[in-house]
Amino acid sequence: MSQKIQAIRGMNDILPEQSHHWQRIEEAVATLAAAYGYCEIRTPIVEKTELFKRSIGEVTDIVEKEMYTFNDRNGDSLTLRPEGTAGCVRAVLEAGLVHNQSQRLWYRGPMFRHERPQQGRYRQFYQIGMEAFNFAGPDIDAELIMLTARLWQQLGLTDQVTLQLNSLGSSAARAAYREALVAFYNQHQSHLDADSQRRLGSNPLRILDSKNPDMVALNRLAPAFSDYLDVASRDHFQQLCEMLERVGIAYEVNPLLVRGLDYYSKTVFEWVTNALGAQGTVCAGGRYDGLLTQLGGRETPAVGFAMGIERLVLLLSQQPEVVAANTPHAYLVVMGDAAQQQGVVLAEQLRQQLPQLRLVTHCGGGSLKSQFKQADRSGAAVALILAAEELASGQVSLKPLRGTGEQVMLTEAVLLAKLQNLCEGEY
RNA sequence: GUGGACGUAGUUCAGUUGGUAGAGCCCUGGAUUGUGAUUCCAGUUGUCGUGGGUUCGAGUCCCAUCGUCCACCCCA
């Protein structure tokens with residue numbers, strides 16, 4: 001047992017039992033992205049460490065203790081990407097895609113964070129994200145949220161997720177507020193619990209979210225963000241809310257909603273669920289107008305979000321199973337050497353003429369009984385039979401495996417028509 | 001990084017105050033020699049996570065280690 005090589009902790013295989021959920025999500029997103037005019041971008045999994053330090057923030061948990069960082073052979077410090085936005089922005093700047101033009105982009109793929117694994121949290125996990133560049137107004141924020149809402153609708157998850165919204169103000173307003181908070185908490189250092197002490201250095205806004213009663217009391221005395229929120233941001237936020245109301249998307253304003261990554265400003269949002277234990281956030285994002293300049297670009301407004309595919313898959317697998325996709329339409333059973341030879345030809349002809357057909361051919365011989373057993377187990381709707389009798393008459397037998405119906409021997413032309421109906425779900 | 005629970009056949013699990021292992025599912029074969037899913041019969045499956053220790057003897061007790069799960073933290 002111990003001699004078997006195991007997968008790395010927190011890095012999971014996606015087995016056939018689960019993969020159809022992944023495909024369903026990825027297909028839905030790809031279609032929706034196109035429907036809203038977003039193009040896919042694919043960037044490397046590894047980037048220079050510096051990129052993440054500069055974009056995510058030096059003192060965030062992610063950068064301080066969760067990155068998979070190593071030295072390349074030439075001494076460069078490289079890092080497995082812990083999130084997708086940094087690489088996307090880097091690529092966009094490098095290729096000049098946002099020079100005097102707007103872009104709507106999306107990406108998907110694995111991300112890596114060295115955290116303790118638990119439900120909905122893994123060391124290699126998959127995100128799908130979308131980013132829009134050079135749109136300054138709230139309309140694009142609304143568009144991204146509407147797109148996600150439509151995705152939940154298509155996946156049947158609408159009832160399980162709720163939308164939380166907040167505004168962090170402009171970078172300047174946020175910075176000013178942050179400073180005021182730090183100053184306030186520094187004056188009350190002795191009253192801070194251990195968590196808050198730590199947050200004071202890393203993410204002071206998070207202290208406001210503390211569950212410790214003593215901290216809650218202290219927080220009541222802390223400076224209020226509303227005193228620092230700039231007029232433009234307030235306006236932006238109000239317009240966003242109006243648009244969402246107009247299209248009937250329910251939301252909840254959560255003043256304590258603070259995203260963990262340093263680069264956010266103005267709009268932030270999260271889709272949360274209570275069906276996943278401690279990992280409630282299924283999709284989250286916001287505006288990061290300042291990031292492109294931080295990374296050496298010219299000033300470029302930007303918004304985006306990312307969703308965790310594993311968490312969506314968890315939600316999907318809690319639902320009653322719909323029809324399992326990818327089950328074969330037909331399973332070809334062959335008896336005898338001649339039939340085996342002919343079966344290969346028949347199967348290829350059918351696939352040639354019916355590209356939609358999912359046909360499994362039996363391989364490996366065995367008794368007819370065992371072949372039928374496997375045909376049944378495959379989930380196929382019908383079995384096709386090729387044996388001595390069929391070969392002699394130049395026909396193929398078709399036996400329904402689900403519901404009622406008699407076995408019949410058919411010419412290839414009739415068989416083709418029947419299988420076509422099967423593909424179209426009209427059998 | 002911190003805390004708790006748990007690691008027994010492919011899988012889900014049982015294994016009583018310590019006496020070298022079982023069940024369901026799955027799988028394979030059979031019930032008049034070309035027919036599945038139901039029924040019946042038969043059969044295979046394991047260095048009991050790993051390494052030490054206590055003991056005449058450990059799946060069962062102790063220690064260590066690795067791993068899984070859950071929560072804290074953090075986040076998608």
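Since this is a predicted model, take the numbers as computed values, not measurements. Here is the naming used below: chain letters follow the sequence lines, and residue numbers restart at 1 for every chain. Note: hydrogens, waters and symmetry copies are ignored here, and every other heavy atom, side chains too, is used.
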Heavy atoms only, 4.0 Å cut-off, all strands: where does [X] land among base, sugar-phosphate and nothing?
| X | value |
| --- | --- |
| Glu17(A) | nothing |
| Tyr122(A) | base |
| Glu270(A) | nothing |
| Ala375(A) | nothing |
| Glu83(A) | nothing |
| Val333(A) | nothing |
| Ile385(A) | base |
| Arg198(A) | sugar-phosphate |
| Gly120(A) | base |
| Gly280(A) | nothing |

Would you say [X] places a side-chain N or O within less than 4.0 Å of OP1 or OP2 belonging to [N]?
| X | N | result |
| --- | --- | --- |
| Gln118(A) | A71(B) | yes |
| Arg402(A) | A37(B) | no |
| Arg206(A) | C75(B) | yes |
| Arg199(A) | C74(B) | yes |
| Gln119(A) | C70(B) | yes |

Choose from [options] the nucleotide whose nearest atom is closest to any side-chain atom of [X].
| X | options | value |
| --- | --- | --- |
| Arg113(A) | C73(B), U35(B), A76(B) | A76(B) |
| Leu368(A) | A76(B), U35(B), C75(B) | U35(B) |
| Asp376(A) | A37(B), G34(B), C74(B) | A37(B) |
| Ala284(A) | A76(B), G36(B), C73(B) | A76(B) |

Show me the protein contacts with nucleotides 24-33 of chain B, counting only N or O atoms at under 3.5 Å.
from: C27(B); atom 1: OP1; to: Arg377(A); atom 2: NE; distance (Å): 2.6

Give a yes or no on whether a donor-acceptor pair under 3.5 Å exists between the nucleobase atoms of [N], that is its base, and the side chain of [X].
| X | N | value |
| --- | --- | --- |
| Arg116(A) | U2(B) | yes |
| Arg121(A) | C74(B) | yes |
| Gln407(A) | U35(B) | yes |

- Query: Thinking salt bridges, do Glu348(A) and Arg351(A) make one under a 4.0 Å N-O criterion?
  - Reply: yes
- Does the pair Arg113(A)/Glu83(A) count as a salt bridge with the N-to-O cut at 4.0 Å?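 A salt bridge is absent here (no side-chain N lies under 4.0 Å from a carboxylate O).
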- Scan for ring-ring contact (aromatic ring centres under 6.0 Å, His included) pairs involving residues 172-199 of chain A, sequence neighbours excluded, and state none if there are none. Tyr177(A)-Phe225(A), Tyr177(A)-Tyr228(A), Phe184(A)-His188(A)
Less than 4.5 Å apart, side chain to side chain, heavy atoms only: is that true for [X] and [Y]?
| X | Y | value |
| --- | --- | --- |
| Arg104(A) | Glu143(A) | yes |
| Val29(A) | Met307(A) | yes |
| Leu391(A) | Gln342(A) | yes |
| Phe70(A) | Val46(A) | yes |

Can you confirm whether the side chains of [X] and [Y] place a donor and an acceptor under 3.5 Å from each other?
| X | Y | result |
| --- | --- | --- |
| Thr273(A) | Gln160(A) | no |
| Thr79(A) | Thr69(A) | yes |
| Gln124(A) | Tyr126(A) | yes |

- Query: What distance do Glu310(A) atom CD and Gln279(A) atom CD have between them, rounded to the nearest 0.5 Å?
  - Reply: 11.5 Å
- Task: Check RNA chain B for consecutive Watson-Crick or G-U pairs with both distances under 3.5 Å and list the runs of at least three as stems.
- Result: B:1-7 with B:66-72, B:10-13 with B:22-25, B:27-31 with B:39-43, B:49-53 with B:61-65
